[in-house]
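Every heavy atom of this structure was used, including side-chain atoms; hydrogens, water molecules and symmetry mates were not. Below, chain A is the first sequence line, B the second, and so on; all start at residue 1. A quick note: this is a predicted structure, and the numbers were derived from the prediction, not measured.
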Amino acid sequence: MSTKRLLSTADFHAIPPIIRNSLQWAHNSTAQSNTPFLPKGPSVLATNLIKSYSERGLIKEARILFDEMPERDVVAWTAMIAGYTSCNHYSHAWAMFCQMVRNGVEPNAFTLSSALKGCKSMKALSYGALVHGLAIKHGMKESMYVNNALMDMYATCCVSMDEACMVFQEIDVKNAVSWTTLITGYTHRGDGYGGLRVFRQMLLEEAELNPFSFSIAVRACTSIGSYALGKLIHSAVITHGFDTNLPVMNSILDMYCRCGGLSEANQYFHEMNEKDLITWNTLITGYERLDSTESLHIFSQMESEGFSPNCFTFTSVTAACANLAVLNCGQQVHGGIVRRGLDGNLALANAIIDMYAKCGSISDSRKVFSEMTCRDLVSWTTMMIGYGAHGYGKEAVELFDEMIRSGIRPDKIVYMAVLSACSHAGLVDEGLRYFKSMVGDYNITPNQEIYGCVVDLLGRAGRVEEAYELIESMPFKPDESVWGALLGACKAHKLPNLGKLAARRILDLRPNMVGTYVMLSNIYAAEGKWGEYANMRKLMRGMGSKKEAGRSWIEVRDQVYSFVVGDKMGSHIKWVYGVLDLLIWHMKEAGYVPDLDCLIHDQEDAT
DNA sequence: GTAGGGTTAG
């Protein structure tokens, strides 16, 4: 059998029978091209098969067939390039394209748009620009497909939308795809206003509207957080009769989740007459952010309705377990992920690291992190935040250095993670060294949050004066979080005057932050200034708002118990106080002296 | 026989 030359017997039998038969047919037709019934030249059947293989993910088989073709025309080359692109093998697609050009085969509009799609996915602007040059050289500036693909590539690869807009303006008669591509370009880079501006222009020019334009317009509303515009576009969707299109409905559901409220999202969800996995994922994610317990209920409901969870589902479900700090549930979810073979997904692995850290099992976080075959900046950052929260400053610092050695360029967020870890572990000089390196080596301009971290770093260690000097030297006006870090330090190290200054700065910026009054009144109380203390308390009562008491919760034998200061907690309370007494005894033995200054507000808040 | 835009995570 001639096919044996193409594939091993095992591989051959792994191919679905329909393709297997046509493979034999195509192969015979290419091998016996002297048959009078078949035309000479490149096999149309073989080209069809390349496409067919690629669609099924059998890209290796497609390539073997391509290599075996006695003659390859531009269509066969294009099918192979497009095949690699559709299977996410972008560098192979680019290599094919280069080889084709080197072999003297002239690309057509199909080839160039396929090549551009690959450039876009690789974010390879220089390759894309090269294709643009070839498009001009071969006189394909009039092709709508090439122009739209060029716009898409520039919108994805360039720092600004200027290049994409330039291509757009050069298109004489824009079609629906041109408009949608431009709106998507703006929206996907986070510029929802830009996207909506183009959408408005599209309406003014009476361009053809279809479900694609509406789903991206709704997404643009979501990204700017505009519920009013979102509802307006929802009405337009109904007017145009696109309210039964699933992707449009899904984007509307997402809009209600993020800009409306859960009750509205829920109502819309139940009104939807068709649902797919994305619908369920959107709702689960919406609930994860605002009501994690309910998101877990929706997840089991989804499964009972026969939907099989994917990476997106599990990422949200894992995040819900992290929010609730329910280790047992998180472990079960992790088990489900491994069983389905989804543990190789990068974003999902990152979520699992975070979940274990938030559920108190930092060793499991580390285990997942260590076993990852590839890591991104989020992986490293998540692990560092976990270490920092568990008080493992040294480990976080080591991880940061390892990350730099592995060639990953740090960003502001990972610096915040390592600075915060240093702060909590008292590694002041290390932290300051990182702060200097951030500016000096990586040219990262510190923002409010970074200054807040460094103020906290110095402040916690008792270097409060230095922290104040840093605030004074800031090149922009410090916000309440920076002053808040200083206030915390003043309270901890008993510096009432500086503390009062910090508190006043916060109250200038945020007069309604009740917590600041609490801190200020405690400073007065610690100084014995009871008149000032009473004034503060009176002010707070006049504000009508209360500082919400901190709530803690713990999972014991599949049951979650939550409590606030002074909680009676039913019959278990005597056990809790028993353990507390024991802990206090241990702390005193170790030489800790309790800070009684904060007792005043604790008692008042509890009542 | 070969090419296009939209919805869900971090």
Side-chain angles (χ1 to χ4, degrees), chain A residues 26 39 41-52 54 72-83 85-86 100 107-118 120 140 143-153 155 174-185 187-188 195 210-220 222 242 245-255 257-258 276-286 288-289 309-320 322 345-354 376-379 381-382 413:
Chain A
S43 163
V44 170
L45 275 166
T47 308
N48 270 336
L49 263 172
I50 289 171
K51 191 187 176 207
S52 180
S54 313
R72 302 171 198 99
D73 62 357
V74 63
V75 183
W77 280 98
T78 304
M80 201 58 233
I81 293 165
T85 309
S86 71
M100 179 191 124
N108 61 19
F110 288 78
T111 326
L112 296 188
S113 54
S114 299
L116 284 166
K117 193 180 174 184
K120 171 206 165 183
M140 267 174 287
S143 162
M144 191 65 93
Y145 276 91
V146 173
N147 281 323
N148 290 341
L150 274 171
M151 269 172 57
D152 203 1
M153 183 276 296
K174 286 111 177 151
N175 70 3
V177 181
S178 321
W179 286 101
T180 317
T181 306
L182 195 65
I183 300 171
T184 308
T187 309
H188 278 183
N210 62 19
F212 287 83
S213 38
F214 275 105
S215 52
I216 192 64
V218 173
R219 167 88 197 266
T222 309
F242 298 135
N245 179 282
L246 203 41
V248 172
M249 289 194 284
N250 288 338
S251 66
I252 291 171
L253 177 64
D254 189 44
M255 185 273 293
C257 283
R258 290 177 200 255
D276 65 1
L277 187 55
I278 296 178
T279 317
W280 284 96
N281 288 349
T282 305
L283 192 71
I284 290 170
T285 307
E288 177 266 308
R289 289 184 286 254
N310 67 3
C311 296
F312 283 82
T313 328
F314 275 120
T315 305
S316 299
V317 170
T318 307
N345 181 278
L346 182 59
L348 187 45
N350 293 344
I352 297 169
I353 295 173
D354 189 50
D376 64 1
L377 188 56
V378 178
S379 326
T381 309
T382 309
I413 301 173

Open item on the list: Mind checking if Ala176(A) touches a base, just sugar-phosphate, or nothing, with heavy atoms under 4.0 Å?
Closed with: base

TODO: Just call it for Met144(A): base, sugar-phosphate, or nothing, with non-hydrogen atoms closer than 4.0 Å on any strand.
DONE: base

TODO: Round to the nearest Å and state the distance from Leu112(A) atom CG to dG4(B) atom C1'.
DONE: 14 Å

Task: Among dA3(B), dG5(B), dT7(B), the nucleotide that comes nearest once only the side chain of Val177(A) is considered - done: dG5(B)

Open item on the list: Without decimals, in angstroms, what is the distance between Asn148(A) CG and dG6(B) P?
Closed with: 12 Å

Task: Side chain Asp152(A) and base dG4(B) donor-acceptor under 3.5 Å - done: no

- [ ] Would you mind reading off the distance between His188(A) atom NE2 and dA9(B) atom C1', rounded to a whole angstrom?
- [x] 14 Å

Open item on the list: Rounding to an integer number of Å, can you tell me how far Asn310(A) CG sits from dT8(B) P?
Closed with: 13 Å

Open item on the list: What's Val146(A) touching, base or sugar-phosphate or nothing? Going by heavy atoms closer than 4.0 Å.
Closed with: nothing

Task: Listed nucleotide nearest any side-chain atom of Asp73(A), set dG1(B), dT8(B), dT7(B) - done: dG1(B)

Open item on the list: Given dA9(B), dT7(B), dA3(B), identify the nucleotide with an atom nearest to the side chain of Ser251(A).
Closed with: dT7(B)

TODO: Would you mind classifying the nucleic acid contact of Asp354(A) as base, sugar-phosphate or nothing, using non-hydrogen atoms under 4.0 angstrom?
DONE: nothing

Task: Whole-Å gap separating P (dT7(B)) and CE (Met255(A)) - done: 15 Å

Open item on the list: For a quick check of understanding: with a heavy-atom distance under 4.0 Å over all strands, which category does Arg72(A) fall into, base, sugar-phosphate or nothing?
Closed with: nothing

Open item on the list: Could you walk me through whether Leu246(A) and Thr279(A) satisfy the side-chain contact (heavy atoms from CB on, under 4.5 Å) test, starting with their C-alpha distance in whole Å, then the side-chain angles of each, then the deciding distance to 0.1 Å, before giving a yes or no?
Closed with: CA-CA 8 Å; Leu246(A) 203 41; Thr279(A) 317; 4.0 Å; yes

- [ ] Under 4.0 Å between any heavy atoms, over every strand shown, what does Leu182(A) touch: base, sugar-phosphate, or nothing? Just pick one.
- [x] nothing

Open item on the list: I want to check one thing: is the phosphate of dA3(B), taken as OP1 and OP2, less than 4.0 Å away from some side-chain N or O of Lys117(A)?
Closed with: no

Task: Ile278(A) side chain, from C-beta outward: closest of dA3(B), dT7(B), dG5(B) - done: dT7(B)

TODO: Between dG6(B), dT2(B), dA3(B), spot the one nearest the side chain of Ala79(A), thanks.
DONE: dT2(B)

TODO: Say whether, by atom type as modelled, one donor and one acceptor occur between the side chain of Asn147(A) and the main chain of Ser143(A) under 3.5 angstrom.
DONE: yes

- [ ] For the side chain of Asn245(A), starting at C-beta, report the closest nucleotide among dA3(B), dA9(B), dG6(B).
- [x] dG6(B)

Task: Options dG5(B), dG1(B), dT7(B), nucleotide nearest the side-chain atoms of Ile216(A) - done: dT7(B)

TODO: Go through dA9(B), dA3(B), dT7(B) for me and flag the one nearest to the Ala82(A) side chain.
DONE: dA3(B)

Open item on the list: At 4.0 Å (heavy atoms only), tell me whether Asn345(A) reaches a base, stays on the sugar-phosphate, or touches nothing.
Closed with: base

Open item on the list: Is it the case that the base of dA3(B) and the side chain of Ser114(A) share a donor-acceptor contact (distance under 3.5 Å, atom types as modelled)?
Closed with: no

TODO: Have a look at Asn48(A) and say if it touches a base, only the backbone sugar-phosphate, or nothing, with a 4.0 Å heavy-atom cut-off.
DONE: sugar-phosphate

Task: Partner set under ring pair (Phe, Tyr, Trp, His ring centres under 6.0 Å) for Tyr145(A), not counting sequence neighbours - done: none

Open item on the list: In whole Å, I'd like the distance from the CE atom of Met140(A) to the P atom of dG4(B).
Closed with: 16 Å

Task: Sugar-phosphate only, base, or nothing, as touched by Asn108(A) at under 4.0 Å among non-hydrogen atoms - done: base

Open item on the list: So, does Arg219(A) get its side chain near the phosphate of dT8(B), meaning an N or O under 4.0 Å from OP1 or OP2?
Closed with: yes

Task: N/O donor-acceptor pair, side chain Thr181(A) with base dG5(B), under 3.5 angstrom - done: no

Open item on the list: What is the distance, to the nearest angstrom, from the CZ atom on Phe110(A) to the P atom on dA3(B)?
Closed with: 8 Å

Task: side-chain contact (heavy atoms from CB on, under 4.5 Å) assessment of Arg258(A) paired with Arg289(A) - done: CA-CA 9 Å; Arg258(A) 290 177 200 255; Arg289(A) 289 184 286 254; 3.4 Å; yes

- [ ] Check if the side chain of Asn175(A) and the base of dG5(B) share a donor-acceptor pair of N or O atoms closer than 3.5 Å.
- [x] no

- [ ] Specify the separation, in whole Å, of atom CG of Asn281(A) and atom P of dT7(B).
- [x] 14 Å

TODO: To the nearest 0.5 angstrom, please state how far the CG atom of Asn245(A) sits from the CZ atom of Phe212(A).
DONE: 8.0 Å

Open item on the list: Among residues at least two apart in sequence or on other chains, which ones pass side-chain hydrogen bond (donor to acceptor under 3.5 Å, both in side chains) with Asn310(A)?
Closed with: Asn281(A), Thr313(A)

Task: Donor + acceptor pair across side chains of Thr285(A), Ser316(A) (<3.5 Å) - done: yes

